[in-house]
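Atoms considered below: every heavy atom in the structure, side chains included; atoms not considered: hydrogens, waters and symmetry mates.
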Amino acid sequence: MMELERSSNVPGHLSPGPDSGLTQGYTPQVAFNYNQLEGRFKQLQDEREAVQKKTFTKWVNSHLSRVSCRITDLYMDLRDGRMLIKLLEVLSGERLPKPTKGRMRIHCLENVDKALQFLKEQRVHLENMGSHDIVDGNHRLTLGLIWTIILRFQIQDISVETEDNKEKRSAKDALLLWCQMKTAGYPNVNIHNFTTSWRDGMAFNALIHKHRPDLIDFDKLKKSNAHYNLQNAFNLAEQHLGLTKLLDPEDISVDHPDEKSVITYVVTYYHYFSKMKALKVEGKRIGKVLDNAIETEKMIEKYESLASDLLEWIEQTIIILNNRKFANSLVGVQQQLQAFNTYRTVEKPPKFTEKGNLEVLLFTIQSKMRANNQKVYMPREGKLISDINKAWERLEKAEHERRHERDLAERNQRLVSQDNFGFDLQAVEAATKKHEAIETDIAAYEERVQAVLAVARELEAENYHDIKRIAARKDNVVRLWEYLLELLRARRQRLELNLGLQKVFQEMLHIMDWMDEMKVLLLSQDYGKHLLGVEDLLQKHALVEADIAIQSERVKTVNSNAQKFAIDTDGYKPCDPQVIRDRVAHMEFCYQELSQLAAERRARLEESRRLWKFFWEMAEEEGWIREKEQILSSDDCGKDLTGVLRLLSQHKALEDEMSGRSGHLQQTERQGEEMVAAGHFGADKIRERLSDIREQWAGLERLSAVRKARLQEARNMHQFQADADDIDAWMLDVLRIVSSADVGHDEFSTQALVKKHKDVAGEIEAYRPVMEALQEQAKALPPEQAASTEVQGRLAGIEERYTELAELARLRKQALQDALALYKMSSEADACEVWIDEKEQWLNSMEIPEKLEDLEVIQHRFESLEPEMNNQASRVAVVNQIARQLIHSGHPSEKEIKAQQDKLNTRWSQFRDLVDLKKESLISALGVQNYHLECNETKSWIREKTKVIESTQELGNDLAGVMALQRKLTGMERDLAAIEDKLGDLRKEAERLGAEHPDQEQAIIGRLAEITGVWEEMKSTLRNREESLGEASKLQQFLRDLDDFQSWLSRTQTAIASEDMPNTLAEAEKLLAQHEGIKNEIDNYEEDYQKMRDMGEMVTQGQTDAQYMFLRQRLQALDTGWNELHKMWENRQNLLSQSHAYQLFLRDTKQAEAFLNNQEYVLAHTEMPTTLEAAEAAIKKQEDFMTTMDANDEKISGVVEAGRRLVSDGNISAERIQEKVDSIHDRHKKNREAASELLMRLKDNRDLQKFLQDCQELSLWINEKMLTAQDMSYDEARNLHSKWLKHQAFMANCNPTRSGWTRLRRTGCSWLGRSRRQKRW
């Protein structure tokens, strides 16, 4: 019932068992997917828990509103138990115990206990839930408690009867069946569960439409519009039905809505509509109830009438029957007898029947009223059935009061006034039995006395003629009978006093006999002959003391009872009070004496136990010392280093054992000295044993010191020999390496040998401390051993071999380096010569072509040759450097190295000269060809411009002609200036090429002359055209400026109208800067714009020609474009500013998300430590991590606030900003909760590791002690008493551990309970 989540509810949940196949073939991808599923499962759990919390909070508030209360946080506001008690009072309609005042934890626990106890009384099963869970704010248990309350008070009583078989269902199934019955026939409604069947909102609308069709037009609802359907149903239920809106559309419109939340909300529909149906049924029942009420009222009136008549007849009849005035004649008496018989046979039977009918009538009335749920009718006082029955009994009594008098037989008094009860318990008990027989005999006469009295009363009632004599006899009988009874009661009281006193005396005798027996035991002089005997006597004495303590209450009780009989009064005294007081005082004295004897014997036994325990411990120590003396007296010092180390380890263990024994021995000695100082009866023996044990212990310490020194000397010597042997072996191994003559056969093999030798040299250098350590070891030896020929000779030989080894290593290093340098120089020189041969062959075969295309190919090959030459130059430099080093170091092949170096340098110089020569020829040829190409292009350009100028001859000088000319000559001036600059460059190039190529000088100058002639011809044509235009030039300039301005305006508008949006902060800042530059450009064109407008107005003023009208329209369009340009700039500025703010926000969000990603990674990858130290370190690390989170909170909060300001300012990316803000806020909140939860788990893990460590220590202790417990040597008869004493000490050592085991067991049970509860939730 109380389960909140089940893993089976989550799709894709993986829970492989230990034997499943999932562990085989496991890959990182599978682990990643599994972690994803676990993360998804955790996310679904959190979402479902949040929905349940919100739903249950609203549900609780809907009921607490009846008592004007409200909660805001379900977990926090229920912790003190007050709101929980109020909620249960509202739901149950009962009064719970008043909440305890106070806010302390104990008060909260008490209040929650009251609520949980009430639920248990209501037979609500609360499994694994305690008040501390609610007070601690446990989320899942709090939700489980509210769900349990909902089940008990809202869902449990739901039942639905089907029409076919009257089958009854309850709780969840009944509620589901009710929903299915109510929504049957509605399209798109198929309810089969409380989760997915409600997602589209159609089921909620169908329930409301079924009972209130006036609120919803169900046919207009669409299944696809789930959000609207849910919102519509929830709003209608809240506004028109008064049902609290427990859910939101977002809670239901998910893949798997929370079942408990949906059930909680649907139950409110069920109760509301059930109550509405009940109101309709009640209206039909009112008429029937009124009819039944009228009929019942008539029956009540009939009952009261019949009851009044019957009671009146009974009272009148009683008066007649109680009339004692009888007739004095026979006839009168006979008439009265006849009337009495008539009453008995005629009048009384019908009235008796009428009385029975009245009972039947009242039962019928009450049954009908109960069936109609009415207050049961009760006749008023005096007309109840009981009143009628009492009146009838009085009638019967009056009828039978006339009886005849019987004789009372007097019984002689057999009781005497003397009290012969006896003087012991047996006699008093016999007198008691005899008195009981007398009482029984007298009681048998009571009926006869009552019969006599009845006859006398009857005769008196019948007016007997000799009534006075009868009355006198009756009074005498009554007086004697009462006197007899009084005597009997007095004798009974005296007899009981004697019996009580005799019982007290008997108890005193038993106690005194027991005290005498105890005194004999306590006065014994046996105080034990050994420790076990004393322990046995102490145990027996403890039993005696326990009996004495128990008898104390018995003595007090007996004395108290006896004091009751010793009070001096005037009444009857079964014994002399002084006798009783004397006996009480005597028993008190005997008990005090007994207690004193017990204390004295206890003290003597304790002293005896201390003495024998001291002797036993001394004997144990002496036996242990003798055993260790044998070990320390051994001459074995080991034959090698391993043996010596083993003996030293054993000796260290012995010293540790002696250290432990020393403390115990000193404690034992202090106990003995204390006993001597206290004047113990065994003080002489104690002093003697103390002296002996001290001497033995001192001897043991001396033996231990001598043994340790000998073992250490032997260890040092063996260690020195072993280290010297190791050094010799190492030197032999290294000597084989450094004395090798192999220096490699090529560069690669030599490099491998150099690397290997470097390791060997490092090893030799690193071995110097080992040599020094060996010297120190030799100095630490005893003087006679350190100065021995063996040690000194060994050291000298090792030092000599080490020096030789270092020198060989140095020589081999030099040889390897020289060989490597030589091999490297040779390989580099050979490679360079091969490359030079290849390139020289190509350069010698190359000829300079005449075509420009072939020249460009050759030029490209030369360009790629330069990097190769640079690389080869560095290689040549390397070869020269190596050669100089080898020559300087005096290499044996110095002449061959010098020759190879010179050869390479000569070849390299020749190659470079060849390259420079070929390169100069190529550049010269390229210059000539480029010159001719540029001359052709320039000549064509000039002729093209000339044709343009000549084409304008046919245009007129009016506005139309000027405008046409303007269009044709657009950009002519810029082109002419560029052509003139180009001619200047060609003249300089022609002079340079003519000097470089004298053979081609005439052709070069001729080409320049041709271009100059064409240029002069074009300038002449242009001057002639300008002279023909005259005044139209100004108009032409204006139109040219207008075209330029409109062209700029169009380009600027196009640039401003760009829809490009920045994707990064750098782009945003760049676009803003560009946009600001456009603004500066617009401001610079402001003056040109004003001049152009003034010129245009002057040109078009008073003109009506179509061309001028067209020009005026262009000027108006210019004004419009200028104004629109400013508006477009402002709009673009606003857009870019918002984009810049958005990019700044994205930059800050990336930083915040980096913080969050780091936090999530740390939280997701924190593992539970497996040791106590690691657990404490993990808690410290987690606390530091949470401190870092606190430091980052301000930055994250700043990002969230900045995003919210942008949203409130209406930024163009408000939706994306809001999504980012919500994501960061939710992730930050989840990280906070996850960090707190992780810290709690780490603390729990620390407690678990502490528990496991304690268990491991206890297990090791148990295994150690198990060896002692399993010792079977007690089968031998020797030293059995000593072994018994050791076992007693072993048992005493086990007792302190029992409390630790109990504590561990409670802790383990607590962990198991917590684990089961966590698994269940």
Side-chain angles (χ1 to χ4, degrees), residues 36 39 43 47 250 1048-1086 1121-1165 1185-1235:
Q36 279 188 329
Q43 181 183 2
E47 292 174 357
E250 294 79 10
W1048 170 84
L1049 183 62
S1050 178
R1051 291 195 308 272
T1052 306
Q1053 287 179 342
T1054 302
I1056 295 177
S1058 174
E1059 296 181 358
D1060 294 339
M1061 297 300 294
N1063 296 322
T1064 63
L1065 180 60
E1067 291 180 4
E1069 292 174 349
K1070 179 180 178 182
L1071 289 177
L1072 273 175
Q1074 292 176 356
H1075 197 64
E1076 189 63 30
I1078 293 174
K1079 177 62 175 175
N1080 297 332
E1081 187 177 358
I1082 293 172
D1083 294 338
N1084 294 333
Y1085 271 89
E1086 179 73 29
W1122 180 259
N1123 295 330
E1124 288 179 354
L1125 180 64
H1126 283 80
K1127 294 179 180 179
M1128 291 172 65
W1129 188 90
E1130 293 292 338
N1131 294 335
R1132 179 70 173 170
Q1133 176 69 18
N1134 183 32
L1135 189 64
L1136 291 176
S1137 298
Q1138 293 185 14
S1139 298
H1140 183 261
Y1142 175 63
Q1143 294 300 328
L1144 286 174
F1145 170 76
L1146 289 181
R1147 182 196 63 187
D1148 296 338
T1149 56
K1150 288 181 180 178
Q1151 183 179 6
E1153 287 175 344
F1155 292 152
L1156 295 175
N1157 291 335
N1158 182 41
Q1159 294 173 4
E1160 290 170 350
Y1161 179 85
V1162 173
L1163 293 174
H1165 292 77
F1185 172 73
M1186 294 184 70
T1187 303
T1188 306
M1189 288 183 67
D1190 294 337
N1192 293 332
D1193 281 352
E1194 183 177 355
K1195 298 179 181 178
I1196 296 175
S1197 301
V1199 173
V1200 173
E1201 291 300 325
R1204 289 173 177 169
R1205 284 196 299 271
L1206 290 177
V1207 172
S1208 62
D1209 293 339
N1211 193 283
I1212 57 174
S1213 303
E1215 295 182 357
R1216 285 177 287 181
I1217 293 174
Q1218 186 62 47
E1219 291 176 358
K1220 283 285 186 181
V1221 168
D1222 295 341
S1223 174
I1224 291 174
H1225 179 71
D1226 294 341
R1227 289 176 64 189
H1228 179 245
K1229 181 178 179 182
K1230 289 180 181 179
N1231 287 353
R1232 267 291 175 192
E1233 296 174 353

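- For residues 1209-1219, the side chain to side chain donor-acceptor pair (under 3.5 Å) pairs, not counting sequence neighbours, are S1213-R1216, Q1218-D1222.
- The 12-atom threshold is exceeded at NZ of K1079, counting heavy atoms of other residues, nucleotides or ligands nearer than 6.0 Å.
- Here M1189 contributes atom CE and L1156 contributes atom CG; the two are 8.0 Å apart, rounded to the nearest 0.5 Å.
- Considering only residues two or more places apart in sequence or on other chains, L1135 meets the side chain to side chain contact (heavy atoms under 4.5 Å, CB included) condition with M1061, R1132, I1212.
- No side-chain heavy atom of N1134 sits under 4.5 Å from any side-chain heavy atom of W1129.
- Among residues two or more places apart in sequence or in another chain, the ring pair (Phe, Tyr, Trp, His ring centres under 6.0 Å) test is passed with H1126 by W1122.
- In this structure, the side chains of F1145 and K1220 come closer than 4.5 Å at one or more pairs of heavy atoms.
- Atom CG in L1071 sits 13.0 Å away from atom CD in E1076 (nearest 0.5 Å).
- For the atom pair Q1143 CD and E1069 CD, the distance stands at 10.0 Å (nearest 0.5 Å).
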Please list every donor-acceptor pair under 3.5 Å in which a side-chain atom of residues 1195-1206 meets a protein atom from a residue at least two apart or in another chain.
residue	atom	partner	partner atom	Å
S1197	OG	D1193	O	2.8

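- Annotation: the span from T1064 atom OG1 to K1070 atom NZ amounts to 9.5 Å, rounded to 0.5 Å.
- Remark: the backbone N or O of E1153 is paired with a side-chain donor or acceptor of N1157 at under 3.5 angstrom.
- The CG atom of N1123 lies 12.5 Å from the CE atom of M1128; values are rounded to the nearest 0.5 Å.
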How far apart are the C-alpha atoms of F1185 and L1163, what are their side-chain angles, what is the distance that settles it, and do they pass the side-chain contact (heavy atoms from CB on, under 4.5 Å) test?
-> CA-CA 10 Å; F1185 172 73; L1163 293 174; 3.8 Å; yes
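- Here I1217 contributes atom CD1 and L1146 contributes atom CG; the two are 7.5 Å apart, rounded to the nearest 0.5 Å.
- For E1130, the side chain to side chain contact (heavy atoms under 4.5 Å, CB included) criterion is met by no residue, not counting sequence neighbours.
- Listed by chain and number, the residues in a side chain to side chain contact (heavy atoms under 4.5 Å, CB included) with L1144 are L1065, H1140, R1147 (sequence neighbours excluded).
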